[in-house]
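So you know, we letter chains A, B, ... as the sequences are listed, proteins then strands, and number each from 1.
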2 protein chains.
Amino acid sequence: MIQEQQTGHNGVDENIRFKPVKTKRAFEEVCDQIRLAILEGRLEAGDKLPAERQLAESLDVSRATVREAFRTLEIAGVLSLRKGVNGGAVVMQGDARPITQTISDLLSLGGLSLSDYMEARVCLQREVIKLACERGEEADFQALEANIDATEKLTTVAQIEDRTALTIEFYHLLAAATKNQAMSILMSAVTEPLGYYIKQIGVDRSWNVAESRQRFVAHLRDRNAPEAEKEMMSHMERLHSYMLQRAQEAANNRG
Amino acid sequence: MIQEQQTGHNGVDENIRFKPVKTKRAFEEVCDQIRLAILEGRLEAGDKLPAERQLAESLDVSRATVREAFRTLEIAGVLSLRKGVNGGAVVMQGDARPITQTISDLLSLGGLSLSDYMEARVCLQREVIKLACERGEEADFQALEANIDATEKLTTVAQIEDRTALTIEFYHLLAAATKNQAMSILMSAVTEPLGYYIKQIGVDRSWNVAESRQRFVAHLRDRNAPEAEKEMMSHMERLHSYMLQRAQEAANNRG
DNA sequence: CTTGTGTATTGGTCTGATCATTTAATGATT
DNA sequence: AATCATTAAATGATCAGACCAATACACAAG
């Protein structure tokens, strides 16, 4: 049963690398064709693809196959499917949600530990702060302050959902101040899954977040990256240790 | 056509917020149920779901609907579908590929600019270097050096594909040295799309990358993060300006 | 011009069948 | 007894054709 190591005695397996055989399924082929068309510029955002029935005939596959391909690309944020006359599959500009979804899935499936996740969040945040300090405009700072004000107004327990949404928005606004779309996307992807945990374990009410955030924004406005970073880091450290602790408690209760 | 602002004259639209109606499709409902089961721990990695035919009956939907749900979760890396006896849908630990795919899609669709993308890559790289300097072990450094050696051996034009693969692997190995799964995932997601561009526009052959990488690894081994960062940054700056230039040329040729 | 009413188009779902692949059970061969 | 080829059953992959449901546009009514 033990496969003998091929050590070159037949002369051709030193440099030849075999790739595992993977027969492609029909819907994957359709996906690839569409993605290739986009990559090569034959399709671009806003273009409408043929109707399912028509495309199925063109590609000589069943409608179900086209549907699975469309579904795949819809989930990926590449296509948008709309019903009705003048509906159909339209090419989008792409969507960051799949990234967020994947992070959430990895967290709930155990493919990613909470502590690794949160450390990465801190790392990203550091870079976001640097850029935001450099490029943030007055409008960005005002948006952040408006967000803090709005959050302070929501104090009742019933409003925890809205409060959480505002907290997440705070990080979005901060990321937007970097003027870098990629940083915004990554920061969102890494922030939104927090919402679930916050809802789950509640917030640490022993501590007023608003003050810390106000100081933070003031540092941003001063273009004082080190101080802004320090302020944010102490906040995040507190949040993360609180979350890890609560997660640990929950695990103990289960086990 | 201008909608009159509702200013409370009918008394009930001040505090009531309406959410847009969004009728969920059947397959989405199935997806949600499976994801919820995972989140609540009723399903976990390794578990096998009922066969399509059986689950369709349980949920009182058609097989096609179950299929679209399974397909969605398979693409997301949550499920693995296997044919044959004892096949079926098995829950996985999650997969980072959807993130990479999404970044690629965003790039090719124009939802993300090449320069924003590359800047984010630099930012992430900085953090990766910090952590790798802190936590990298001798085995990590040796793996990096082995990678550099292997890359140097591939010099012919025909081997550019393998060369590119090794370059991408270099960044994976570096990310692995952080001992942080999330950083590895993000770095991979942001590195792999490079492969396409490198294949497309070729490499800058006027410059020996291996030397730079060797110096870089030496700094890592010395735990000298600032110098390692400096070395890597100069490399990336060169690479990125080269890529932007070539991308610009390509755009000019098209337009 | 506005408003309501059809109506054709298109994605969403269902039913039911066949194909292809994989594994396990079976049986023949050594 | 061990090994190998054969067969059978389970399961995903695909196909075919039908109907449902939402949508936008044309058109009639007021």
Exercise. Between D:dA13 atom P and A:Glu29 atom CD, what is the distance in whole Å?
Worked result: 16 Å
Problem set entry | Rounded interatomic separation in angstrom, taking CD from B:Glu57 and C1' from C:dC14 | 14 Å
Problem set entry | Heavy-atom protein contacts under 4.0 Å, nucleotides 17-22 of chain D, coded B base, S sugar-phosphate only, - none | -BB--B
Exercise. B:Asp95 and A:Leu106: which non-hydrogen atoms are nearest, and at how many Å?
Worked result: N-CD2, 3.6 Å
Seminar exercise, completed: Among D:dA13, C:dC14, C:dG12, the one nearest any side-chain atom of A:Arg71 is C:dG12
For this session: Answer with yes or no whether the side chains of A:Asp116 and B:Gln181 bring together a donor and an acceptor at under 3.5 Å.
Result: no
With a 3.5 Å cut-off and sequence neighbours excluded, list the donor-acceptor pairs that the side chains of residues 37-45 of chain A form with protein atoms.
unit_1: A:Glu40; atom_1: OE1; unit_2: A:Arg42; atom_2: NH1; d: 2.1

Exercise. Between C:dG12, D:dC15, D:dT11, which one does the side chain of B:Ala51 approach most closely?
Worked result: D:dT11
Exercise. Between atom CD in B:Glu28 and atom P in C:dG11, what is the gap in whole Å?
Worked result: 16 Å
For this session: Return the value, rounded to whole Å, for the distance between atom CD of A:Glu52 and atom C1' of D:dA16.
Result: 15 Å
Problem set entry | Rounded distance in Å - CZ (A:Phe70) to P (C:dG11) | 7 Å
Exercise. Is the NZ or CZ atom of A:Arg121 positioned over A:Tyr171's six-membered ring, under 6.0 angstrom from the centre and within 45° of the axis?
Worked result: yes
Exercise. A:Asn86 has an atom CG; how far is it from atom P of D:dT23, in whole Å?
Worked result: 13 Å
Problem set entry | Ionic contact status for A:Arg25 with B:Glu74, cut-off 4.0 Å | yes
Seminar exercise, completed: The single option from A:Val66, A:Leu55, A:Leu59 that satisfies side chain to side chain contact (heavy atoms under 4.5 Å, CB included) with A:Pro50 is A:Leu55
For this session: Nearest whole angstrom, please: distance from the C1' of D:dA13 to the NZ of A:Lys24.
Result: 16 Å
Seminar exercise, completed: Note: B:Leu112 and B:Leu107 closest approach over all heavy atoms is O-CD2, 3.6 Å
Exercise. Given atom CD of A:Glu74 and atom C1' of C:dG12, what is their separation to the nearest angstrom?
Worked result: 11 Å
Exercise. Looking only at side-chain N and O atoms, does B:Thr65 come under 4.0 Å of OP1 or OP2 in C:dG12?
Worked result: no
Exercise. Taking only side-chain nitrogens and oxygens of B:Arg82, does any of them come within less than 4.0 Å of OP1 or OP2 of C:dT21?
Worked result: no
